[in-house]
Amino acid sequence: MAIAAQNNGLGGGRPGEGAGIANLLFVIPALTLYALFVLWPLASSLYYSLTDWDGIGAPRWVGLANFTRAFADDIHLASYVHVTLYILGTLVFEVSFGLVMAVMLNSDRPGFALLRGLFFSPVVLSMSAAGVLWNFVFDYRTGLVNAMLKGIGLGDWAQPWLSQPATALICVMLVSGWKFAGLYMILFFAALRRIPRSLYEAATLEGAGPIRRFFSITLPLLKQNVLICGLLAVTGGFAGFDLFFTMTNGQPYNSTEVPVTWIVKMAFDSDQLGYGIALTVILTVVVSLISLLYLRFAERSHAVEY
Amino acid sequence: MRSNTEAPGTPRDWLQFGLGAVVVAGMCFPALWMIYSSFKTNREIFRTPYALPGTWHWENLTKAWNEGGLGVLYVNSILVTAASVILCAGFATLAAYAFARLEFPGRRVLYRIFLIGLLLPPPAVAIALFTQLRDMGLLNTLWALIFANAAWSLSITLYLMSGYFRTLKREMEEAARLEGADTFRVFWYVILPMVKPAIITTAILNTINIWNELMFALLFISDDASRTLPAGIVRFSGFHSTNYALVFAALTITTVPIMILYFVSQRHVIRGLTAARAD
Amino acid sequence: MASWTRMRNLAAGVIAAAVLASTFGQRAGAEPVEIRITHSITGGTQKEALDGIIADFEKANPDIKVKQVVFDDDQYSDTGLITQLKSATPPDIYFQWAGFPMQRDAKEGFAKDISAEMDADGWKDSFLPSVWSPSMGMLYEGHPYLVPMTLDVTNVIWFNKKIFAEDGVKAPATWDEFMAAVKTLAEKGETPIVIGNQELWPLGNWASHIASRVVEPAHYDAAFKLQEPFSQPGFEKALTLIDDLRKAGAFNKDIAGLGADPAMSTFFQEAAAMHPIGSWLVPSANEMAEKDFDYGAFNTPLIDPANPTKDSVIGTATGFAVHAKSAHPKEAIAFLKFFTRLDSQVKWAEAGSFSPVKGAMEQAKLDDKTKQMADMLSHAGSLVPPPDTTYPVAVAESYYQAAAYVAGGEKSPHDALVWLDEHVKAMK
Amino acid sequence: MAEIVFDKVAKDFGGGPVVRDVSLTIPEGEFCVFVGPSGCGKSTLLRMVAGLESITAGEIRIGGKRANDIPPAKRGAALVFQTYALFPHMTIAENLGFGLKIRGAAKAERDAKVLGVAKDLELDGLLERRPRELSGGQRQRVAIGRAMLRDPQVFLFDEPLSNLDAALRVHTRLRIAKLHQDTGRSMIYVTHDQVEAMTLADRIVLLNTGERTAREGSLAQIGTPLELYHHPRSLFVAGFIGAPRMNFIAARVVEAFFDRMVAETASGLRIAAAVCADGIKIGDPVTLGIRPEHVTFGDTLAARVLNVERFGDSSLVYADCAEAKEPIVARAEGGTRLKRGDAVSFAFPAEHVHAFDAQERAVPRSVDPLAQ
């Protein structure tokens, strides 16, 4: 990720303006806010993570004990497996689905704009409202899904969707897809609009059908967007909390436990703030490492140009 | 742009539209179901889950509004969102300009530090931030959410904005500078009007995010008087989980206005999102 | 304290009571002193009763104003209380659960030792004597730190009388009868027991009650203090009982993911025959059940006649603590004395709470269900507190998780205990 | 009082010198054109005058004052950008008046001045429009108007015509020339187009690029357009100035007298050149050059016509021969009957032949067309 690298022109040390200390004034408001509410808690996390602390008494120094515990905590470890599965799911249900819909709804004919607007609309909904709503949809006894199955004579297929490990995580992924596919659709749609129409015309003249055009023009030209959306999905996935909190809260049998739900449980439900903070430190390291690797990969493939 | 010149209504277009419409209808049904179910009685919802209400019970809405204290939630959400978005947009625009165009000590390092926030998930500091806000005496105040949300939106806003700044031609600023404008006036008279589209874009993205933010709201606010909508809805549905009609009514009240707002300003929202790179 | 998170706002608990009227001299001409009291009673009859008592108190003591700071329950136990206790201007009085939370507050110096106040004017004796037994958790190192407020039964088995009658089932007295009843109900196509175990405590509380009836008290205590492994015959038997229930088809299919409140509503909608939950079901029933809905309750049936706590009830006490840094401790005590006066407590009991003050329950006009609860408590041989108010919450939650595995058929009782020991090992 | 002096000016962005060792004086009122291939630093040099680019070494003096540390706005220079750099969110009137506003002029004064310049430039009907509603030529006039309103000591133009079509280019060129006559101000004009350079300049500064900059500094040659045309100092200058390019033929010296030299190509063809033969030794390798307009049809060099470009008033004949790698170009009359494949024979009048030594330096000519 390149920084504002070219510093010719105005950046290049203008005559008569000294070292540009005054220019710092432009950055200071943002920096203050950022330092107070992002950097400082991040730094203090490092301290608290080395203590045993219930949030009430004084923190007691325990060295690396919290980290030892974290790596022996089977639910904590499993939560990373779950979040990985969830991220893979979001790549399918959010990113890929959004891409397909972007292509399908890419038309100037009347009606398509309305479809795009409707398709995007769940993005505007709050996650908590979405979670509450979908709980009612998936409810075993009275939910919409099972009621529909019964309605079409498939009552035997009715499942306790959110209560069995085999389906609970998938349900969360589906809702996640429902909620966010629209966002990716719009991002891809915008990118599609930037592809010169002449490329498609040239390909059509060469005899390429719609599917071939998609794979040999659309997809390669959207590579950069796909990679950026992928990064959004990955970092967003690790931060995922709202849907899990409102839909399953980690259950059944911790099969939908993700790092954040487990952290909140440990810190606040179980009054172990020190341990919870240690888990946040681990989460931070994991996410940063993955993001950096991802960016390195993306940079190497020359797809992400900043 | 596609198709204005093509003959309308070829079978393939109809197929494309039909498929799209089916998917979109499927996506919208749960929300519609929620809306019309909010006018049913609880019994009706269980007995005939997807039928329309026999009689429309408008009183469900007033009951939910009163019991959920939704008015307060609305006001709080609006205050928090507006203040955070404005704070973030102002600070990030200033900083993005400096990072893209000005020279000052520590520029590269500071920019990288800001970019860290792009990759960090907010839960990474949630607990430490909680204790810090408590020490600052900000817990249970809207300021806790305003500062936290604004700070956590800075990185992405700054990143998008400085990317946008780099697409702007330097000549405008150089011209203004030659005319005698100092750095601040270049920013105010030339830059700010030109980056307005980008500010609107990022503000829209931030509005959606902050309006829906749940975790900070759950952790930092325990007082009814300063709760925001997402946390309020979770709490309300917990209390009344036995009363589907009432929960649906509350969900309808809280989501329908924002949906209407979205559809009214839809062109702008989408144009904003899609203008993220060009012009 | 996940298990206590929801119930506060729904309503009260169980018990009996007494009173002590306190007179308190007025200081003429002084500015009114404001005392702040924080709790998590957000609404319902209990809140009305509390508001009424506060109004009476302010009328009787014009120089004292009482300000309530109210949180909902999740918030109160997760973050709301912690925040206030550590603030520069802490509340004068705060609501707290007896047992582990109270003892932590005492140890950290948040709660005031109220021995002297309790001893004066026979205040202490106005409460039921059982309140002061060490297992109730009102004491820290022998000194009282909480003014008892309510006693909650955290688990009895509520049953639908109509379904029981239709299927020819009676409220069981022993575990065998209970199993037979479950089997009969299951054969008739009913859901015998509905539990919404998404938050683990609804089954967890009951499972620990069952364990306390099977495991020797010393071993039970040692295991939860992580001094002994859970993998021992007693716990395995306790979980096997739950496993037997599962095998008999006792539980609703969506037990693992269902919320506690939807489960309650399932019971009210007569979609299940039994529902093990706390005493706070009573006030909810008035709001949510249909008019013709009739239900009763029985305690967890007799399992092992040899166990010293064979006829125990599982429950916990709650109370008000005075903050050690309160600027107005005298006024705070004055209010608490007023609150625990017999006449106040009668109102409190009539609002659906189980007053710990002598005579209050007797004098109050109570509905049948509340009376039944009170009877059950008075006949109980002992009171067992739920583990998540007595032991470190993380350990209690882990045990609840093990019980959830068994009830869902995910793990055998043995495997669940092996998992449990493995899981808690890291916490030592 | 706006003489501009470059004193050993250099610029380095960190990847080697872009501009090196530029010493040059532009007297007041001169129209000076910086020209050179892309990457030669001509724009950088201009922006250093404007103050938009810092000076790595040396100094620039404007009106006798060291300008290195004077902020851009105080240098009395107005810059017209290639992209016009009009503010898109302001009307034309606001664009024109922006500088006056920044400098604190009263509104009435501002309006009057803006209107005056707008009338001059025939922009008075467009004042309420926004830049995107204007054509390229109109936008360029606004940019020039903005510069005029500054009433600068020196006008700077950075490739101002390159975004315009051919007809507009000629038109605007004339307007700029008129501006120069009317104001009498110094002007520095950057372009890569030698036609603009030749037509506008009092003096041309031709800049080196790349490795040549490192070797001999940025300045390839300074002089009037005709000096550069007739007396190029180097092979590079000779090749850059003049269109079509000068023809070059490699040869070896066989005879050298006072004012004349004869060289022989590898194939044995002998060509004479009117140059001062002082330092030339028999056997030295030389490159001979002759401009297409000076090639005549004779019997020296046999070639075969590749292509004929007809302009009406004249034609260009491209012909292949054994002696040069590139085709020889000759200007013929408009009605020439030559066509592709025809055999043709050229002659090179000695008074028009240039010679360059092994170091690509020009051998001084012994005839001076400028003296006549």
Side-chain angles (χ1 to χ4, degrees), chain A residues 1 3-4 7 9-11 13 19-20 23-24 26-27 29-30 33-34 37-38 41-42 44-45 48 104-105 107-109 111 115 117-119 121 124-129 132-133 136-137 142 144 147 178 186 190 235 238-239 241-242 246 260 263 267 273 276-277 280 283-284 287-288 291, chain B residues 1-4 16-17 19-21 24 27-28 30 33-34 46 49 91-92 94-95 97-105 108 111 117 119-125 127-129 132 147-148 150-151 154 170 173 208 212 214-215 230 233-234 237 244 251 254-255 258-259 262 266 270 273-274:
Chain A
M1 206 171 320
I3 314 301
N7 52 356
L10 287 177
N23 292 337
L24 257 174
F26 282 85
V27 182
L33 191 65
Y34 186 73
F37 296 97
V38 179
L42 204 60
S44 66
S45 292
Y48 285 123
M104 191 184 283
L105 299 182
S107 168
D108 282 338
R109 287 182 200 295
L115 289 188
L118 286 170
F119 190 80
S121 59
V124 205
L125 275 181
S126 79
M127 284 285 243
S128 41
V132 169
L133 170 61
F136 289 115
V137 174
T142 54
L144 199 58
W178 175 80
I186 285 296
T235 53
F238 275 108
F241 167 75
D242 304 12
T246 49
V260 183
I263 285 167
L273 269 70
I277 288 177
T280 66
L283 178 67
T284 308
V287 175
S288 310
S291 305
Chain B
M1 294 283 136
R2 274 181 177 315
S3 85
N4 282 337
Q16 190 183 354
F17 185 81
L19 265 171
V24 169
M27 302 262 298
C28 289
W33 177 67
M34 166 192 92
F46 294 128
F91 287 9
L94 280 169
Y97 170 60
F99 282 121
R101 288 293 203 260
L102 304 178
E103 192 55 59
F104 53 88
R108 299 175 66 104
Y111 191 69
L119 309 175
L120 282 180
V125 302
I127 305 169
L129 191 51
Q132 182 188 327
F147 288 139
L154 271 178
R170 283 167 187 273
E173 293 146 76
I208 294 174
N212 294 335
L214 176 65
M215 194 183 58
I233 277 297
V234 170
S237 65
Y244 280 38
L251 286 177
T254 55
T255 55
I258 193 86
M259 293 308 278
Y262 157 67
Q266 199 216 116
I270 290 185
L273 276 168
T274 53

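Below, chain A is the first sequence line, B the second, and so on; all start at residue 1.
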Y48(A) side chain vs I127(B) backbone, donor-acceptor pair below 3.5 Å: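 Such a contact is absent between Y48(A) side chain and I127(B) backbone.
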Least distance between heavy atoms, A95(B) atom then A30(A) atom: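 That closest heavy-atom pairing would be CB-CB, 3.9 Å.
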Can you tell me how far OH of Y262(B) sits from CG of L118(A), rounded to the nearest 0.5 angstrom?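 With rounding to 0.5 Å, CG (L118(A)) is 7.5 Å from OH (Y262(B)).
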Hey, is the main chain of M127(A) close enough, under 3.5 Å, to the side chain of N212(B) for a donor-acceptor pair?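 No, the answer is negative, given that no donor and acceptor are paired below the 3.5 Å cut-off.
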Would you mind telling me which of A239(A), S288(A), S121(A), G111(A) has the largest number of heavy-atom pairs within less than 4.5 Å of chain B?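 That would be S121(A).
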Where does Q16(B) contact chain A at under 4.5 Å (heavy atoms): side chain, backbone, both or neither?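 Both the backbone and the side chain of Q16(B) come within 4.5 Å of chain A.
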Contact leader toward chain B among V137(A), T235(A), D242(A), where contacts are heavy-atom pairs under 4.5 Å: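 It is D242(A).
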Between T246(A) and chain B, which part of the residue has a heavy atom less than 4.5 Å away: side chain, backbone, both or neither?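 Side chain only.
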Evaluate the ring planes of F26(A) and Y97(B), with Trp represented by its six-membered ring, and classify them as parallel (under 30°), tilted (30 to 60°) or perpendicular (over 60°).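 Perpendicular, since the angle between the ring planes exceeds 60°.
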If I compare all heavy atoms of F119(A) with all of M27(B), which pair ends up nearest, and what's the gap?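 Nearest pair, atom of F119(A) first, then M27(B): CE1-CE, 3.6 Å.
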Quick one: of L283(A), V132(A), L105(A), who has the most non-hydrogen atom pairs under 4.5 Å with chain B?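 Highest number of heavy-atom pairs under 4.5 Å: V132(A).
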Need one label for F241(A): side chain, backbone, both or neither, based on atoms under 4.5 Å from any heavy atom in chain B.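 Contact with chain B is through the side chain of F241(A) alone.
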Nearest non-hydrogen partners of A98(B) and V27(A), listed with the distance: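 Scanning both residues, the minimum pair turns out to be CB-CG2, 3.6 Å.
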Let's test your reading of the structure: which of V38(A), V287(A), V260(A) forms the most heavy-atom pairs below 4.5 Å with chain B?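 If we count pairs closer than 4.5 Å to chain B, V38(A) comes out on top.
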Heavy-atom contact with chain B under 4.5 Å, split by part of L24(A):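 Both backbone and side chain.
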